Amino acid sequence: MSTETQSLALLNTAAFLLCVSFCAYVLSILVFHLKSGRSRGGSPDGFDWHIIVPCRNEASVIGDTVRRLLCDFPQATVWCVDDASDDGTLAKLAAFTDQPRVHVVERQLPDARQGKGAALNAAWRRIEQSLPANADRTRVIVGVLDADSRLDPQGPVALSGRQYFGSALVGAVQVEVRMLQCAPRRYAQPTEVGRWGRLLIRLQDMEFRAPIAAMQSLRRRTGSVAMGGNGQFTRLSLLNEIADQHGTPWHGALLEDFELGLHILLAGGRTEYCPESWVAQEALTRIRPLVRQRTRWAQGSMQCGRYLGKVLRSPRIRNSATLEIAHFLAAPWTQLLGTPIYVACLVVMSYYIDNTMGGLRGWWNSGGWGVPPLVLVFGIGPFALWGIVYRIRCEPQLSIPKALLLGICHWLYSYAQSLAVWLAFARMVTARTDWQKTARAADPQPQPAPARAVGRVAVGQAAVGRAAVPAQPRRAQPVRRSGRNDGPRSIRPPRHLSHLSHLTTPTTDRPAIAHTRK
């Protein structure tokens, strides 16, 4: 057998194994997802709920988010972490001065802007300090929401069920994630975008509620449910246990949510996925921010690969969970391996088409007709079927043709993830670990400085011959603090916002939490 024949056989075998393994995984998560049932809720009154909302330049969304939390989640204390915002976020938070259930944890440079994990750790410290020494930390539930989120009003009831925090064995729960523009009408956020923007919104909603939800259904069986960056809830006692071992609950990975889930499992805790409740977040309407977001996620997954050895050796993680975690950690590297393999297959196929007598027609008649069915079954099919699953489980008003078309678009949409993996690999090679915030649709767009002509040179911020000195953004006037940079503060809202008080629950319904530690 010639070297050329051996190389082609090896290439075909590698491509076939990758396709078969991918299809087998899709089939396995699909079966568990379709068989998953629903559980009953419980009483949230037996728990002390704390919600952390990290804020870095979130002036466009944070006010509505906090008002909705106060209205829909009357049991919770809200901790907004301002991570050195310079867009007026603090001024927006000043509207909630008279709300004893809202606290602002302010971080200042150079300590601020060190990533989402650092902001969450700052809030965790303040929550711990605000509780009495004799408080039962196993009954204190700490949730994490993005600044643009809407939480299901029935979330506390669902999370208190016997399958979740109603069981002493469960340490953390992740709820289903939806896109805010596709949420129920009461929460849906109108967005003025074109046809392609609306399609991208729907694809993200389908991604989270179909394939990602199916992955979590499989993880419920294996015991390896992953935490997400939005809609995760954890017992404070477990966060404290992780901090005792590692210094803080959250760590330096760009995928700090998945990293936390690994630490929970390594500590012997049990994680769960709650499809009975949901959190809605703003979808991205352009490809470039989407690729940037997925690049951060892919790089975070690569960073978490350093935990694989601990997972393999841990006696607290059962074998099925170990296999599933290993598969997840290997996924970005498998995509890196698969890209050159599939590109090589396309090159070889093009070579045979070009060198077969009769060109494309001759190649087709000599057996090339079998390629399109293979692409359909192994390439398009595993992505397209999620359109039907999405219609059956989530959006029954979609017609079957539209669901199929949405599934085919999901196949094309997946190439954005492939691009993101390569960008993440490039960042790993160049040792770039900076955390890039995803811009909100409501954020004001930066305006370029007006240019004036000087001879043949257009001058914007600086004159010719001297360094450009960009104008510093004007910060909102700081409100009074309690004396510590990361501490909760009392801030008084302006009188013109007093008419919003009807959106909140009267504070007499629930006593305020003591802010002194015995």
Side-chain angles (χ1 to χ4, degrees), residues 42-54 66 69-70 72-82 93 96-107 117-145 151 155-157 159-160 164-173 232-250 260 263-264 267-270 479-492 504-518:
S43 173
D45 296 334
F47 300 94
D48 185 10
W49 302 88
H50 295 258
I51 305 296
I52 304 176
V53 184
V66 175
L69 279 173
L70 293 174
D72 292 342
F73 209 162
Q75 304 94 339
T77 301
V78 182
W79 299 79
C80 298
V81 185
D82 179 70
L93 293 173
F96 304 98
T97 291
D98 292 341
Q99 291 294 336
R101 295 188 294 115
V102 178
H103 304 279
V104 176
V105 179
E106 184 178 358
R107 289 169 55 77
L120 295 176
N121 287 327
W124 160 74
R125 294 186 189 98
R126 294 298 174 248
I127 293 174
E128 176 61 31
Q129 292 172 3
S130 72
L131 297 174
N134 60 350
D136 184 0
R137 267 64 175 175
T138 63
R139 310 295 293 180
V140 178
I141 309 300
V142 178
V144 176
L145 295 184
L151 185 64
V157 175
L159 291 169
S160 302
Y164 307 115
F165 290 119
S167 169
L169 300 177
V170 175
V173 181
Q232 59 170 274
F233 294 82
T234 312
R235 295 185 193 270
L236 180 58
S237 58
L238 194 51
L239 294 178
N240 291 345
E241 182 178 345
I242 296 172
D244 290 339
Q245 297 178 5
H246 305 281
T248 57
W250 286 274
L260 175 67
H263 280 290
I264 291 173
R270 176 179 156 192
V479 291
R480 290 185 302 169
R481 295 175 303 200
S482 60
R484 301 185 64 172
N485 288 345
D486 289 345
R489 323 188 257 122
S490 296
I491 46 182
R492 185 170 300 279
T504 62
T505 302
T507 57
T508 54
D509 291 349
R510 180 173 180 266
I513 298 175
H515 293 287
T516 57
R517 186 172 181 179
K518 298 181 180 179

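Just so it is clear, the model here is predicted, and its values are computed rather than measured.
- A side-chain donor from one of E128 and N240 sits under 3.5 Å from a side-chain acceptor of the other.
- Between H246 and H263, some side-chain heavy-atom pair lies under the 4.5 Å cut-off.
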task: Let me see the working for L131 and R137 under side-chain contact (heavy atoms from CB on, under 4.5 Å), right down to the final yes or no.
output: CA-CA 9 Å; L131 297 174; R137 267 64 175 175; 3.8 Å; yes
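- With rounding to the nearest 0.5 angstrom, the NE2 atom of H50 is 6.0 Å from the CD1 atom of I127.
- A heavy-atom distance below 4.5 Å is not found between the side chains of L236 and D48.
- Here the closest heavy-atom approach between residue P54 and residue L120 is recorded as CG-CD2, 3.6 Å.
- Looking only at side-chain heavy atoms (C-beta outward), N121 and R125 come within less than 4.5 Å of each other.
- Using a 4.5 Å heavy-atom threshold, the side chains of V81 and I52 count as touching.
- For the pair W79/S130, a side-chain contact is recorded, criterion being any heavy-atom separation below 4.5 Å from C-beta on.
- Expressed to the nearest 0.5 Å, how far CD1 of I51 lies from CG of L151 amounts to 6.5 Å.
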- prompt: Taking it one step at a time, do L145 and L69 satisfy side-chain contact (heavy atoms from CB on, under 4.5 Å)?
  reply: CA-CA 10 Å; L145 295 184; L69 279 173; 3.6 Å; yes
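- Residues W124 and W250 form a side-chain contact, since some pair of their non-hydrogen atoms from C-beta on lies under 4.5 Å apart.
- Of all heavy-atom pairs spanning Q75 and P44, the tightest one is NE2-CG, 3.5 Å.
- Residues V53 and V78 are in side-chain contact: their nearest non-hydrogen atoms beyond the backbone lie under 4.5 Å apart.
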task: Dump the intermediate steps for side-chain contact (heavy atoms from CB on, under 4.5 Å) on L93 and V102, then the final yes or no.
output: CA-CA 9 Å; L93 293 173; V102 178; 5.6 Å; no
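- Shortest non-hydrogen contact noted between A267 and E241 is O-OE2, 3.6 Å.
- Ring orientation note: the planes of W49 and F165 are nearly perpendicular, at an angle over 60° on the 30°/60° scale.
- In terms of heavy-atom proximity, V66 sits nearest to C80 at CG2-SG, 3.8 Å.
- No side-chain heavy atom of I141 sits under 4.5 Å from any side-chain heavy atom of V173.
- For the pair R235 and T138, the tightest heavy-atom approach, listed with the atom from each and the gap, is NH1-O, 2.7 Å.
- The minimum heavy-atom distance linking P74 with R101 is given by the pair O-NH1, 3.5 Å.
- In terms of the side-chain hydrogen bond (donor to acceptor under 3.5 Å, both in side chains) criterion, residue partners of R270 (sequence neighbours excluded) are, by chain and number, E272.
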